[in-house]
2 protein chains.
Amino acid sequence: MSETRGTTPLGARRTRQRLDILQHLSAAPDFISAQGLHARLAQTGTLVGLSTVYRALRDLERAEQVDVIRSEASGERLYRRRSTSEHQHYVICRRCGRSEAVDTDIVERWAAHLDQLTGFSNVTHTLELSGECMDCHL
Amino acid sequence: MSETRGTTPLGARRTRQRLDILQHLSAAPDFISAQGLHARLAQTGTLVGLSTVYRALRDLERAEQVDVIRSEASGERLYRRRSTSEHQHYVICRRCGRSEAVDTDIVERWAAHLDQLTGFSNVTHTLELSGECMDCHL
DNA sequence: ACAGAAACGACATCCATTTTCATTAGGGGA
DNA sequence: TCCCCTAATGAAAATGGATGTCGTTTCTGT
């Protein structure tokens, strides 16, 4: 049968690399780039090809298992394992990169009306917040 | 004296290229990429080096004369001459690229409290909205 | 165990953006 | 107006993230 839809966060097949990637991604406290993740894997002796990291992250993104943002500074795409199934927004420290989920109920409610407000359909939103965390501020 | 701060939207010097770039950028109805702008200039016989376009846009961005977003599809940076001095948000048609300013008062007010809500300082926000405009929807 | 397909990984390629560096040309001061 | 200094320009090369290629490896259902 070809219609077996996978339900795991991994791809169709459970490979060592995919496992390692998911594990290290989950362990990362903050958003991390594909290259950063690749480096971190290498540091711990876990050898995974860079393309494989990119592919795994792309698949995780498709499976909505990660949140993705764009680094303001480098333009890199940064990934973070998603904890809840809801879509989330974060404040990111522009110095150290630390991130923290923010309650965006108000914005979400507002966003829900956007179709009426704008005359556009299927409006989706991306919200990125950056600031300086307490440790970095002084 | 070396402290002469320029007050024009252009750089320190008023060159033909800078003038043309600003003019074509202002004429563009929607967000446009550096390459797109460069191509548009070339089409009208206005020869400007690609690096020059990039540099002019970078300077305009620094001078807060343009709004900048990131194309979801291509990852390019897209620029648009800023009309008001206030910072603006837009809905962008994910099919044709048409953009339209959106009233985001509610979000702005919420954003003003972010410092208190999050424990981060100097929090800035970026909000990108995409949907399908009426012409493209059906 | 087997076969077919998915995943790997080293490397090539793409493409937006930046940098280099020699040349050109604003524009303030004499 | 003429000069000079330096910002601005542009062609070409470099950078760097991300994706594609393709031969090889390795899951997984049968």
Side-chain angles (χ1 to χ4, degrees), chain A residues 1-25 31-42 45-63 66 68-79 97, chain B residues 1-25 31-42 45-63 66 68-79 97:
Chain A
M1 313 297 97
S2 57
E3 287 307 302
T4 315
R5 279 286 86 231
T7 44
T8 60
L10 286 66
R13 293 190 185 172
R14 187 152 327 184
T15 63
R16 169 186 71 74
Q17 291 88 336
R18 237 92 161 164
L19 247 7
D20 288 336
I21 288 169
L22 188 58
Q23 174 183 322
H24 277 76
L25 182 63
F31 282 88
I32 189 172
S33 67
Q35 314 234 23
L37 187 52
H38 177 254
R40 195 177 284 214
L41 284 159
T46 313
L47 298 182
V48 179
L50 184 55
S51 335
T52 301
V53 174
Y54 273 109
R55 276 188 292 242
L57 288 173
R58 172 168 30 70
D59 292 349
L60 286 170
E61 184 181 0
R62 289 213 182 112
V66 290
V68 185
I69 63 173
R70 191 70 89 142
S71 161
E72 202 65 36
S74 65
E76 286 174 298
R77 288 163 61 85
L78 306 180
Y79 303 82
Chain B
M1 314 301 98
S2 56
E3 287 308 301
T4 315
R5 280 287 84 233
T7 44
T8 61
L10 286 66
R13 292 188 185 173
R14 187 150 330 183
T15 63
R16 170 186 70 74
Q17 291 88 336
R18 239 90 161 164
L19 247 7
D20 288 336
I21 288 168
L22 188 58
Q23 174 183 321
H24 277 77
L25 182 63
F31 281 89
I32 188 172
S33 68
Q35 314 238 21
L37 186 54
H38 176 255
R40 196 176 285 213
L41 285 159
T46 313
L47 296 183
V48 178
L50 184 55
S51 340
T52 301
V53 175
Y54 274 108
R55 278 188 288 241
L57 288 172
R58 170 167 33 69
D59 293 349
L60 286 170
E61 184 181 359
R62 289 211 183 112
V66 290
V68 185
I69 61 173
R70 186 74 83 149
S71 162
E72 202 64 37
S74 64
E76 286 173 299
R77 287 164 62 85
L78 306 180
Y79 303 82

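To find a chain, count down the sequence lines: A is the first, B the second, and so on, and within it residues start at 1.
Whole-Å rounding puts the A:Asp20 CG to C:dC8 P distance at 10 Å. The NE2-P distance, from B:His38 to C:dT17, rounds to 13 Å in whole Å. At whole-Å resolution of the value, CG in A:Leu19 and P in D:dT28 are 10 Å apart. For the pair B:Leu47 CG and C:dT24 P, the interatomic distance rounds to 17 Å; values are reported in whole Å. In this structure, A:Gln17 places its CD atom 12 Å from C1' of C:dA6, rounding to the nearest Å.
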Open item on the list: What does the B/S/- profile of nucleotides 19-26 of chain D look like, 5' to 3', with a 4.0 Å heavy-atom cutoff to protein?
Closed with: BBB----B

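Minimum heavy-atom separation, B:Ile21 to B:Val53: CD1-CA, 3.8 Å. Taking all atoms of both residues into account, the shortest heavy-atom contact from B:Ser71 to B:Leu78 is CB-CD1, 3.9 Å.
Comparing the end axes of the helix from C:dA1-D:dT30 to C:dA30-D:dT1, each fitted to five base pairs by superposing C1' atoms of four pairs onto the next four, gives an inter-axis angle of 30° (nearest 10 degrees).
Here A:Ser51 pairs with A:Arg55 under the side-chain contact (heavy atoms from CB on, under 4.5 Å) rule; sequence neighbours left out.
Of the candidates C:dA16, C:dG27, D:dA8, D:dA8 carries the atom nearest the B:Arg18 side chain, counting heavy atoms from C-beta on.
For the pair A:His38 (side chain) and A:Gly49 (backbone), a donor-acceptor distance under 3.5 Å is absent.
When each of A:Arg16 and B:Gln35 is assigned the nucleotide of DNA chain C bearing its nearest heavy atom, the one mapping closer to the 5' terminus is A:Arg16.
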